[in-house]
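All values below come from the heavy atoms of this structure, side chains included, with hydrogens, waters and symmetry mates left out. Numbers restart at 1 for each chain; the letters A, B, ... are given by sequence-line order, proteins then strands.
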Amino acid sequence: MRSQALLDELQWRGLLYQHTDEVAGLLASGQTSGYIGFDPTAPSLHIGSLLQIMLLVRLQQAGHRPVALVGGGTGLIGDPSGKASERPLADAAHVDLNAAKIRRQLERFLDFSRANGARVVNNAEWLSELKAVDFMRDVGKHFTLNYMMQKDSVQGRLEGGISYTEFSYMLLQAYDFLELRRRYDVRLQLGGSDQWGNITAGMELIRRTTGLDAHAITSPLVTSSSGAKFGKTEAGAVWLDPTLTSPYQFYQFWINVDDRDVGRYLRYFTVLPREEIEALDGATAEHPEKREAQIALARNVTRAVHGDALGAVEEATGALFGGSVLGISQVAFEILRNEIPHVTIERGEPITVSRIIDAFSGPGNLFESKKDAKRSIQQGGFYLNQERVAPDQSAVDDSLLLHGRFLLVRKGARNYGLVEVAR
RNA sequence: GGUGGGGUGGCCGAGUGGCUAAUGGCAGCAGACUGUAAAUCUGCCGGGUUAACGCCCUACGAAGGUUCGAAUCCUUCCCCCACCA
């Protein structure tokens, strides 16, 4: 019944896309193990993978053992699922390095101590040992070309081309499932809906080679109401690694979620209980301008991913979006310094608009280029201490400095930077 | 291996010798309206420099060449697609 609770829970949260018929029986039969694979082609997981991580968390909460598989082996091949075109091969050194980083990210979400303690494994462990001839005989023989060609991941690529390497990917993932079934009695694989084909290939392989049972659950693709790809911002993906996406930017991503999406995201990405989420749904419907649901979402997810950094982030957010600049305390500025783009100017050096622009221009900075900055000023989108800067303004009066040394820079509605005069 | 078609800015996609930093759409940015939302309207949307007009640099798979001038023509190479072998 505990198991039915898991399926009900996933169902209510909108996380159940497809599953095998017997999965309810499996979950009902007692503690079992389920796994999800994570791709180490990037040095960090992003919020797309966060949904998968949360699936493992929910699995563990329901009393089962979560197994996170880092694809140190499969990452060298490349999963064609959901990809429109062939990707360049990743090099082994990077994949190794990434796998180690991703392992650490996964570890902070899972509990390793309990009876149903989590496990993190790397498929390089067995895939790198695999001999081509053995693989063809032991794995390849169980799949017909016809079966493989029918998979969506392959179908989608017939027009644009797919290499034998990526075409074979599903067999490696199938083999992973088999290995996990043998080694750790893992009977369930979870994943995004695009993984269904790979997962069922694994079930197929397990049945044919061992006769044992295997099961699958997939979650829907996360969408956004605006039609934009979920998890992408103008700056690129939203990463879990604080050096790639600062905790402040991370929090801002969630705070800015569309009213139409926030209820869904609360269900997907937090472990908040049903009543609480439903109350937030009501809050959004009644006084959306208070953004209570967004705040709850941002707070919970940021805490889960960045832990203690949440306090500083909220302090910084309050300072920037809370009210007058004069009310920002010295302490808040010191926090802000670490959360938003920040430059230091020598004391005595004259502060000018162009000096500030230079400091904040560059790829990935507040302004992409100096041209971009000039444009912004021309269009009236550049502010110092929340005061719009006129196109012909060049000097900045020292008296504007807050606490004698801080100057708040803003581009447009919500992009901030901080100038600090060295003491 | 052969024949034919194709590779254009973040994406899609026009453009077949000068009027092309390159039509259009999407995405993005700024302003107005707001709630750090959505929708809508307006403007912007390779980079450097300039108060500005402008000037310069880089760019149409890669490298060469023809030409006063090339995304557009020629050569070689790489990649993709279709058919044939």
Please work out if [X] contacts a base, only the sugar-phosphate, or nothing of the nucleic acid, heavy-atom cut-off 4.0 Å.
X      : value
A:Y383 : sugar-phosphate
A:E368 : nothing
A:K290 : nothing
A:R388 : sugar-phosphate

Quiz item: A:K371 side-chain donor-acceptor pair to B:G48 base, under 3.5 Å: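 Present.
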- request: Check whether the side chain of A:Q379 and the base of B:G31 form a donor-acceptor pair under 3.5 Å.
  value: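 No pair found.
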task: Going by the side chain to side chain donor-acceptor pair (under 3.5 Å) test, name the single residue among A:Q105, A:R104, A:K101 that passes it with A:S44.
output: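 For A:S44, the side chain to side chain donor-acceptor pair (under 3.5 Å) test succeeds with only one of A:Q105, A:R104, A:K101, which is A:Q105.
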- prompt: Are OP1 or OP2 of B:A30 and a side-chain N or O of A:S376 less than 4.0 angstrom apart?
  reply: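 No.
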Hey, what are the protein-to-nucleotides 37-42 of chain B N/O distances that come in under 3.5 Å?
from, atom 1, to, atom 2, distance (Å)
B:A37, OP1, A:R414, NH1, 2.7
B:A37, O4', A:R291, NH1, 3.2

- prompt: Residues in side-chain hydrogen bond (donor to acceptor under 3.5 Å, both in side chains) with A:Y248, at least two apart?
  reply: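 Checked A:Y248 against side-chain hydrogen bond (donor to acceptor under 3.5 Å, both in side chains); zero matches.
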Between [N] and [M], how far apart are the two [atom1] atoms, rounded to whole Å?
N     : M     : atom1 : answer
B:U49 : B:C33 : P     : 33 Å
B:U34 : B:G10 : C1'   : 29 Å
B:C56 : B:U8  : C1'   : 24 Å
B:G46 : B:A30 : P     : 16 Å
B:C19 : B:U72 : C1'   : 15 Å
B:A82 : B:G28 : P     : 34 Å
B:G13 : B:G48 : P     : 30 Å
B:A27 : B:C45 : C1'   : 11 Å

Give a yes or no on this: more than 12 heavy atoms of other residues, nucleotides or ligands lie within 6.0 Å of atom [atom1] of [X].
X      : atom1 : result
A:E349 : CD    : yes
A:F167 : CZ    : yes
A:Q393 : CD    : yes
A:D152 : CG    : no

Rounded to the nearest angstrom, tell me the gap between atom [atom1] in [X] and atom [atom2] in [N].
X      : N     : atom1 : atom2 : value
A:E286 : B:G35 : CD    : C1'   : 16 Å
A:L366 : B:G28 : CG    : P     : 18 Å
A:K370 : B:C45 : NZ    : C1'   : 20 Å
A:L320 : B:G35 : CG    : P     : 19 Å
A:Y416 : B:A30 : OH    : P     : 12 Å
A:K411 : B:U36 : NZ    : P     : 18 Å
A:I377 : B:C44 : CD1   : C1'   : 15 Å
A:K374 : B:A52 : NZ    : C1'   : 12 Å

task: Please step through side chain to side chain contact (heavy atoms under 4.5 Å, CB included) for the pair A:E204 and A:F143, ending with a clear verdict.
output: CA-CA 9 Å; A:E204 197 69 24; A:F143 294 92; 4.3 Å; yes
- request: Could you pick out which residue, A:R375 or A:Y248, lies toward the 5' side of RNA chain B when each is mapped onto its nearest nucleotide?
  value: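 On the 5' side of the pair lies A:Y248.
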- request: Identify, between A:T317 and A:Q378, the residue whose nearest nucleotide on RNA chain B lies closer to the 5' end.
  value: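 The residue closer to the strand's 5' end, by nearest nucleotide, is A:T317.
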- request: Kindly indicate, with the supporting measurements, whether the criterion side chain to side chain donor-acceptor pair (under 3.5 Å) is fulfilled by A:Q195 and A:Q173.
  value: CA-CA 10 Å; A:Q195 292 299 312; A:Q173 188 166 329; 3.0 Å; yes
- request: Please report the closest heavy-atom contact between A:V67 and A:L56, naming both atoms and the distance.
  value: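 Minimum heavy-atom contact is O-CD2, 3.9 Å.
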task: Show your reasoning for whether side chain to side chain contact (heavy atoms under 4.5 Å, CB included) applies to A:L50 and A:F269.
output: CA-CA 7 Å; A:L50 184 58; A:F269 296 103; 3.9 Å; yes
task: Note every stem involving RNA chain B: at least three consecutive Watson-Crick or G-U wobble pairs, i with j then i+1 with j-1, with both distances under 3.5 Å.
output: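 So far as stems of 3 or more pairs are concerned, RNA chain B shows B:1-7 with B:78-84, B:10-12 with B:24-26, B:28-32 with B:40-44, B:46-49 with B:54-57, B:61-65 with B:73-77.
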task: Please list all pairs passing the side-chain hydrogen bond (donor to acceptor under 3.5 Å, both in side chains) test where one or both residues lie in residues 128-144 of chain A, with sequence neighbours left out.
output: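 Pairs touching residues 128-144 of chain A that pass the test: none.
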message: For residues 257-266 of chain A, which residue pairs pass the side-chain hydrogen bond (donor to acceptor under 3.5 Å, both in side chains) check, not counting sequence neighbours?
response: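 Listed once each, the pairs are A:T223-A:R264, A:S225-A:D261, A:D258-A:R260, A:D259-A:Q294, A:D261-A:R264.
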I'd like a list of close polar pairs between nucleotides 8-11 of chain B and the protein, N/O only, cut-off under 3.5 Å.
none

message: Just verifying a value: how many Å separate A:T302 OG1 and A:D308 CG, rounded to the nearest 0.5 Å?
response: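 If we round to the nearest 0.5 Å, A:T302:OG1 and A:D308:CG are 12.5 Å apart.
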Steps toward side chain to side chain donor-acceptor pair (under 3.5 Å) verdict (A:E9, A:Q61): CA-CA 11 Å; A:E9 171 85 357; A:Q61 282 181 340; over 6 Å; no
